[in-house]
Amino acid sequence: NAGVTQTPKFQVLKTGQSMTLQCAQDMNHEYMSWYRQDPGMGLRLIHYSVGAGITDQGEVPNGYNVSRSTTEDFPLRLLSAAPSQTSVYFCASSFSPGSSYEQYFGPGTRLTVT
Amino acid sequence: AQRVTQPEKLLSVFKGAPVELKCNYSYSGSPELFWYVQYSRQRLQLLLRHISRESIKGFTADLNKGETSFHLKKPFAQEEDSAMYYCALGGADGLTFGKGTHLIIQP
């Protein structure tokens, strides 16, 4: 099992550009989520999905879109990049949100918006 | 609203000394609490969860509902324990993380 994979590892964007961060998992997990990690802020939930076709907003959803067409994939789209979106983005998956199930994290995507 | 507080941004201890990383939470229901660790240049990984009451890599954490705390402890620190540690609270949508504590073990 590859676990949770993310591409790209690094990305530099100019303000106003759009892009999609890819996330895939091969563990047949129903729950997938996106977090951003900022210095001194910990990790904050952007969007999550409890199954194919079902998505919902987390704590900091503005400026991001998601969709879940398959169980395996959960891409995160930046519609019009802003410097405030400079961050490290982590995708995670689990059998169930929260609860006692372990969440498995991807290696992260480091995004810089200039 | 649920909240997780880790009061120490940075904690530096000498090898062999005891370690305690503090975590307090705010939650109206019955909490599900976790400690995640991020070693340098690696992804976050689960260290332990309160429900399993296990000891991983010598670390333990006890849920104290009266004090709303879930402090992480290890009696004798090792250099390989140097990492970023996050306390997290499980909810219906996902995890609420604290801001993290950077643990540095000095030789």
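The shown structure was predicted, so the numbers you read here are calculated from the model rather than taken from an experiment. Note: hydrogens, waters and symmetry copies are ignored here, and every other heavy atom, side chains too, is used. Within every chain, numbering begins at 1; the chains are lettered A, B, ... in the order of the sequence lines, protein sequences first and strands thereafter.
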Tell me whether Glu80(B) at atom CD has more than 12 heavy atoms from other residues, nucleotides or ligands lying less than 6.0 Å away. yes
Could you see if Met32(A) belongs to whatever hydrophobic cluster contains Leu44(B)? Use Ile, Leu, Val, Met, Phe, Trp, Tyr and a side-chain cutoff under 4.5 Å. no
Non-hydrogen atoms of Gln38(B) and Gln37(A) that approach each other most closely: OE1-NE2, 3.0 Å
Okay, Gln2(B) and chain A: the region with an atom under 4.5 Å from a heavy atom over there is neither
Could you tell me which residues in residues 55-84 of chain A have at least one non-hydrogen atom under 4.5 Å from a non-hydrogen atom of chain B, sorted by residue number? none
With a sphere of 6.0 Å drawn around OH of Tyr39(B), does it hold more than 12 non-hydrogen atoms of other residues, nucleotides or ligands? yes
Do Gln103(A) and Tyr36(B) have side-chain heavy atoms sitting under 4.5 Å apart? yes
Hydrophobic cluster membership, with links at side-chain heavy-atom distances under 4.5 Å among I/L/V/M/F/W/Y: are Tyr86(B) and Trp34(A) in one? no
Would you say Tyr85(B) ends up clustered with Phe70(B) if hydrophobic residues are merged whenever their side chains have heavy atoms under 4.5 Å apart, either directly or through other cluster members? yes
With chain B as the partner chain, list the residues of residues 43-50 of chain A whose heavy atoms fall under 4.5 Å from it, by residue number, and write 'none' if nothing qualifies. Leu43(A), Leu45(A), Tyr48(A)
So if you build clusters from Ile, Leu, Val, Met, Phe, Trp, Tyr with side-chain heavy-atom gaps below 4.5 Å, do Leu103(B) and Leu48(B) land together? yes
Treating Ile, Leu, Val, Met, Phe, Trp and Tyr as nodes and any side-chain heavy-atom pair under 4.5 angstrom as an edge, say whether Leu111(A) and Val88(A) lie in one connected cluster. no
Most heavy-atom pairs under 4.5 angstrom with chain B, which of Gly108(A), Gly42(A), Ser33(A)? Gly42(A)
How close do Arg43(B) and Gly106(A) get, counting heavy atoms only, and between which atoms? CB-O, 3.3 Å
Using modelled atom types only, decide if a donor and an acceptor are shared between the side chain of Tyr104(A) and the backbone of Leu46(B) within a distance under 3.5 Å. no
Looking at Leu95(B), is its backbone amide N or carbonyl O close enough to the side chain of Tyr35(A) to form a donor-acceptor pair, meaning the two atoms are under 3.5 Å apart? yes
